[in-house]
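Everything on this sheet refers to the single structure shown next.
Order of the sequence lines fixes the chain letters, A, B, ..., with proteins taken first and strands second; residue numbering starts at 1 for each chain. Atoms considered below: every heavy atom in the structure, side chains included; atoms not considered: hydrogens, waters and symmetry mates.
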Amino acid sequence: MTSVRTRFAPSPTGPLHMGGVRTALYAYLFAKQHNGQFILRIEDTDQNRYVPGAEEYIIEALTWCGIIPDEGVGFGGPHMPYRQSERKEKGYYRQYADHLINTGHAYIAFDSTAELEAIRKEAEAAGNHNWQYDNHSRLSMTNSLTLSAEETAKRMANGDAYVIRLKVEPGTTVSFTDMVRGDVSFDSNLVDDKVMIKADGMPTYHLAHIVDDIMMEITHAIRGEEWLPSAPAHILIYQYLGLADKMPQYAHLPLLLKPEGNGKLSKRDGDRLGFPVFPLEWKDPASGEISSGYREKGYYKDAFVNMLAFLGWNPGTEQEIFSMDELIKAFSFERVHKAGARFDPDKAKWFNEQYLRQQPEELLAEKFVLQMKQKLGNDDARATMPFATAAARLVKDRIYFEHEMIGMSTCLFESPTTYDEKVVAKRWNDKAKTFFAALPAQLNTVSDFTAENAKLAFEQLAAQQELKPGDVLQMFRVLLSGQGSGLDLFGMIALLGNEEVNKRIGAGRAALNK
RNA sequence: GGCCCGUUCGUCUAGGGGUCUAGGACAUCUCCCUUUCACGGAGGAAACACGGGUUCGAUUCCCGUACGGGCUACCA
């Protein structure tokens, strides 16, 4: 039995959409589950749409996600080159196309784009919305079927522009078994004569992916649902080639839909709704426009991959957190949902939160030290592991992303400049004033300034003054941080230290008593 | 318009003839914990698109309708 070989074949027309990443992920998971190979092929047959940097972006994005190709552009392999423009130079596609012509399954067509456009317009005006170049119309067009062999040869020798079209035989039902959809069938009468080789000599997707899949021994072709309508043409090509036995199994994946409204998820949605649609940040080379990326937004790659895997697939158990290895074991196309999946940015954040919670404390502390150094300067005494570890413990459960640590802990580094008015209005009374006048001295009696000891001292003083801790606790927080809510109060106090706490109490009293 | 695919809580989904008084997760609400907030815990509200069949019995099978999506290029 030959080994499973899947491929991801994007065209370098811009940054890789997260839907594309999911397609790559499923193809990768399936290949790895079967100890097979995952191949990255670049489909750059449309010279007009080529975007510089896109190819590098694709490779970097897949690499970041841990979806590492075994073969492909940037990775080498036994089927080089893996870029279709280069494979075209080798004559691969033309060879297959000529074979199809020689066996009567394809023909040369001279009709120009402008002519076709005119015909479509005319048909449209006559109420025919579905004119296509097919078995109904091809005999009234200018092609090697309607021209004599001599005339055709003459035109070609003349350098007249022509394309090679597939000659679809009418009257059959084309059916195949899709890995996610089951049996699907089409009427060949309705399949158009697809262009396989364009006037510029480049193959179209339809021919190119088949030739490459055959040559690269692809066993499973995994792609988006948008390809389903052209699947019958692809199956016919395999049949006409006499290579139906080489045809991979197809899997058409459901599309990713907008979080709200209609249609598939697009670049615009991210900009509009404030979440990334791309794995990595992308700067459009032409417009300079920047699209945000999951990596730059602070998502863990594992969380991103986990989230993506669950958009349209689920394991059938209640487990939601999956490592790549677990995904490889659990994945199956039978469990891919058939309907499009509406993307939910909240759930994406939730996944990241879960991964954040799982992070080892030490790792978080290391990142925190870096953030502190950036904010406070390299030499700041607080930007060290012991302090950062304690601080990380304080903020960890209140954030979705690592980069939020520093912002969540502002009160550890900055004295308040304003004080929560609501709390002040309610709690800054005579008793509180007396209490906080005495508190610094009380705190000075604490020899080991831990959270527990500071709390004890605080409660003692409150008891002495016949106050419930609740009467002055929130005010204490406001004096220290300016805010009515925030990090665990005594945890924060321990980190601030006796001296800083007293200083802030003093500053706060001065400000509020003015 | 034509063709193809789809349709379970707001969202992602489980379930594929009786076990469904339809399960989980996100979001939302309530309560508990807590000085607060968050975390955590407990609980609530919330869905089988509709109409016909088939069947003793349909969320589950079939057919229609509606709705959604995709495709309809010498783009992928």
Identified pairing partner of B:rA46, criterion: Watson-Crick or G-U wobble below 3.5 Å: none
Touch class at under 4.0 angstrom, heavy-atom based, for A:R477 against every strand present: base
Touch class at under 4.0 angstrom, heavy-atom based, for A:L228 against every strand present: sugar-phosphate
Stepwise side chain to side chain donor-acceptor pair (under 3.5 Å) check, A:D212 with A:Y93: CA-CA 9 Å; A:D212 289 340; A:Y93 309 113; 2.7 Å; yes
B:rC75 phosphate, OP1 or OP2, under 4.0 Å from A:H206 side-chain N/O: no
Phosphate OP1/OP2 of B:rA14 contacted by A:N314 side-chain N/O (<4.0 Å): yes
Presence of salt bridge, A:D344 and A:R342, under 4.0 angstrom: no
Assigned partner base of B:rG68, Watson-Crick or wobble definition, under 3.5 Å: B:rC5
Sugar-phosphate only, base, or nothing, as touched by A:K396 at under 4.0 Å among non-hydrogen atoms: nothing
Presence of A:R165 side-chain N/O under 4.0 Å of B:rC74 phosphate oxygens OP1/OP2: yes
Under 4.0 angstrom between A:H129 side-chain N/O and B:rG2 OP1 or OP2: no
Minimum-distance nucleotide to A:N130 side chain [options: B:rG2, B:rG10, B:rG24]: B:rG2
Stepwise side chain to side chain contact (heavy atoms under 4.5 Å, CB included) check, A:D471 with A:R427: CA-CA 7 Å; A:D471 295 334; A:R427 298 290 190 187; 4.1 Å; yes
Sugar-phosphate, base or nothing in reach of A:A199, heavy atoms under 4.0 Å: base
